[in-house]
Amino acid sequence: MASNEDSHQVSARESSKAALKTPKGTRDYHPDQMAVREQVFDVIKSCFKRHGAVTIDTPVFELKETLLGKYGEDSKLIYDLADQGGEQLSLRYDLTVPFARYVAMNKLKNIKRYHIARVYRRDNPAMTKGRYREFYQCDFDIAGDYDPLLPDAECVKIMTEILTDLPLGDFVVKINHRRLLDGIFAACGVPHEKFRPVCSAVDKLDKLEWKDVRKEMVDVKGLDGTAADRIGHYVQRRGSRELVEELLQDDCLTSQPAAKQGLEEMRELLKYCEVFGVLDKVVFDISLARGLDYYTGIIYEALLTGSPEEMSAVKTGETIGVGSVVGGGRYDELVGMFDPNNKPVPCVGFSVGIERIFSVVETKYQSQLSSKPRAVETDVLVASGQQNLLSERMKICNELWANKIKVIRYIEVMRLSFTADKTVFFVTGRDVSQAKSKVAEPVPIL
């Protein structure tokens with residue numbers, strides 16, 4: 001009969017096996033999934049490099065004081081770490097604030113950089129929508145003084161190039177201006193101290209109806225109902241250059257310097273978008289607010305607009321609602337927050353939501369198996385139809401590896417059904433030199 005101690009050990013082992021899982025909001029990636037991810041990363045990196053960007057890296061955690069006060073209401077999503085030798089540390093929430101700290105600390109006057117790395121958010125995850133607690137961001141930013149709005153327009157251009165090069169289907173880039181929003185709030189009678197709370201409510205218009213957003217403004221943010229109604233007149237509108245020109249004729253709005261500046265810069269940005277050939281992908285959407293506190297000018301967000309059929313999983317028919325896949329904007333004052341003399345460095349950039357994009361690309365590849373990238377990149381399979389030729393196969397592999405050729409060695413007696421998309425080198429005897437002459441013209445297995 002087993003002792004109580006043995007029973008407890010068995011129970012502990014069973015309990016340990018039952019709890020074997022990844023933490024909430026995280027996931028493992030299998031080889032075939034990593035192949036898809038690497039392909040997506042290659043497309044994005046290629047575009048960044050084509051526009052002259054260099055890459056950097058920063059620590060995965062920062063001093064807590066570096067991150068606090070930069071994210072508005074989202075600051076509650078920052079992961080804090082235990083006290084580490086007297087330093088209060090937090091996992092990075094995004095790559096933008098660490099970049100601003102990097103620019104200030106190294107006293108850089110200008111840089112065009114990209115950064116691909118993991119970030120962490122204590123959010124409620126939705127795995128089917130590509131929302132995780134640990135995920136990659138692919139950031140592109142331009143820091144320094146350039147001709148007004150040219151860096152902003154180039155960011156829009158890069159966003160459209162990436163989304164066009166990836167198998168994602170149709171998309172739209174929504175643009176707006178933080179100064180315009182501030183001018184609208186001022187014209188509608190919103191007290192200055194309520195600008196950011198009201199802005200965060202407006203930012204929910206892509207998910208909620210106006211009546212629900214208005215209710216939050218009035219009941220939660222404490223805004224006067226009349227002011228909320230005036231805001232609704234503006235923030236439910238979208239268009240292009242004709243809307244900009246119409247708003248420039250609105251005397252109540254243009255009496256606010258911030259609104260007038262925002263509209264004039266929006267007019268200029270749309271002109272540059274036309275020059276870059278991307279105006280047909282851009283929509284001026286006044287409801288776009290971007291909740292982060294550090295934005296100061298142009299803001300933008302890209303959304304996929306494919307049909308539900310294009311965005312559905314093959315087996316379950318479940319719609320993959322991924323929301324925005326790219327977001328960003330101008331943040332001219334963030335670097336100055338880290339500079340002892342509060343010296344600003346103009347910055348603009350965006351972040352690609354790689355996990356959300358990966359969810360869509362992976363789903364599309366499931367229905368197009370022939371186009372899915374291979375997890376194993378080898379070009380040659382060395383095999384034998386006979387037993388006891390291991391050394392001969394190893395010698396051929398060694399020579400091919402020495403010539404930088406991607407090779408794998410088939411371990412057992414060759415089974416051709418497993419050699420699709422490979423070139424096979426047949427080893428037919430122990431004389432390796434003779435074997436090489438026999439395989440001077442490799443045999444493709446179809």
Side-chain angles (χ1 to χ4, degrees), residues 27 29 31-58 60 92-96 98-99 102 111-121 129-132 134-143 151-175 273 276-278 281-282 290 299-306 311 320 322-329 347-365 368 371-375 377:
R27 62 175 290 188
Y29 290 90
D32 57 335
Q33 294 172 323
M34 287 301 299
V36 175
R37 286 173 67 88
E38 289 302 318
Q39 185 182 70
V40 172
F41 280 140
D42 287 345
V43 169
I44 295 172
K45 287 179 183 179
S46 175
C47 186
F48 289 163
K49 292 179 179 179
R50 190 161 61 242
H51 285 263
V54 296
T55 189
I56 68 168
D57 199 8
T58 61
V60 72
R92 59 190 176 200
Y93 176 91
D94 65 4
L95 300 178
T96 305
F99 172 63
Y102 172 87
I111 183 175
K112 182 186 285 188
R113 84 87 169 85
Y114 73 91
H115 189 186
I116 299 177
R118 285 187 174 96
V119 298
Y120 300 85
R121 296 184 183 177
K129 296 183 179 181
R131 189 164 71 236
Y132 301 89
E134 178 194 59
F135 57 96
Y136 271 97
Q137 282 190 338
C138 303
D139 276 28
F140 177 93
D141 293 86
I142 301 173
D152 309 68
E154 184 177 7
C155 284
V156 175
K157 172 65 174 176
I158 297 170
M159 290 162 58
T160 60
E161 286 182 0
I162 290 172
L163 296 178
T164 300
D165 291 345
L166 292 171
L168 299 172
D170 293 334
F171 64 91
V172 63
V173 178
K174 299 194 301 183
I175 61 174
C273 286
F276 279 146
V278 297
K281 294 293 187 182
V282 172
R290 301 291 296 168
I299 51 177
Y300 29 69
E301 194 168 271
L303 295 92
L304 303 184
T305 58
M311 305 286 286
I320 307 297
V322 297
S324 65
V325 292
V326 184
C347 296
V348 64
F350 63 87
S351 178
V352 180
I354 191 68
E355 307 297 347
R356 295 180 174 185
I357 287 177
F358 174 67
S359 295
V360 177
V361 173
E362 185 180 30
T363 298
K364 286 180 176 290
Y365 276 140
Q368 303 170 9
S371 62
K372 187 173 183 178
R374 293 186 307 172
E377 296 185 3

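This structure is a prediction, so every number in the text was calculated from the model and none was measured. When a residue number appears, it is its place in the shown sequence, counting from 1. Basis for what follows: all heavy atoms, side chains included, without hydrogens, waters or symmetry-related copies.
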Determine the minimum heavy-atom distance between [X] and [Y], stating which atoms define it.
{"X": "Y300", "Y": "R290", "answer": "O-CD, 4.0 Å"}
{"X": "G349", "Y": "C155", "answer": "CA-SG, 4.0 Å"}
{"X": "F171", "Y": "T160", "answer": "CZ-O, 3.8 Å"}
{"X": "H115", "Y": "I56", "answer": "CD2-O, 3.2 Å"}
{"X": "K45", "Y": "I116", "answer": "CG-CD1, 3.6 Å"}

Problem set entry | Worked verdict on R121 versus F135 for side chain to side chain contact (heavy atoms under 4.5 Å, CB included) | CA-CA 9 Å; R121 296 184 183 177; F135 57 96; 3.7 Å; yes
In Å and rounded to the nearest 0.5 Å, what is the [atom1] to [atom2] distance from [X] to [Y]?
{"X": "D170", "Y": "T164", "atom1": "CG", "atom2": "OG1", "value": "9.5 Å"}
{"X": "E134", "Y": "R27", "atom1": "CD", "atom2": "CZ", "value": "11.5 Å"}
{"X": "H51", "Y": "I142", "atom1": "NE2", "atom2": "CD1", "value": "9.0 Å"}
{"X": "M159", "Y": "C47", "atom1": "CE", "atom2": "SG", "value": "11.0 Å"}
{"X": "I158", "Y": "F276", "atom1": "CD1", "atom2": "CZ", "value": "9.0 Å"}
{"X": "I354", "Y": "D139", "atom1": "CD1", "atom2": "CG", "value": "11.5 Å"}

Heavy-atom side-chain contact between [X] and [Y] under 4.5 Å:
{"X": "R356", "Y": "S324", "answer": "yes"}
{"X": "F48", "Y": "I162", "answer": "yes"}
{"X": "V36", "Y": "Y29", "answer": "no"}
{"X": "I44", "Y": "F140", "answer": "no"}
{"X": "V40", "Y": "E362", "answer": "no"}
{"X": "I357", "Y": "L304", "answer": "no"}
{"X": "F350", "Y": "V156", "answer": "no"}
{"X": "E161", "Y": "V278", "answer": "no"}

Exercise. Taking Q137 as the fixed residue, which of V352, T96, V119 is the one that meets the side chain to side chain contact (heavy atoms under 4.5 Å, CB included) rule?
Worked result: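 Exactly one pass, corresponding to V119.
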For this session: Please confirm whether the backbone N or O of E355 pairs with a side-chain atom of R37, one donor and one acceptor, at under 3.5 Å?
Result: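 A pair under 3.5 Å: no.
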For this session: Compute both the distance and the angle, then confirm whether K49 meets the cation-pi test with Y114: under 6.0 Å from the six-membered ring centre, within 45 degrees of the axis.
Result: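 K49 over Y114 ring: no.
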Exercise. Does F358 have its ring centroid less than 6.0 Å away from the ring centroid of Y136?
Worked result: no
Exercise. Under the salt bridge (Lys or Arg N to Asp or Glu O under 4.0 Å) criterion, do K112 and E154 qualify, and how do the steps go?
Worked result: CA-CA 11 Å; K112 182 186 285 188; E154 184 177 7; 3.1 Å; yes
Exercise. Going through the checks in order, is the side chain to side chain contact (heavy atoms under 4.5 Å, CB included) test met by C347 and D141?
Worked result: CA-CA 7 Å; C347 296; D141 293 86; 5.7 Å; no
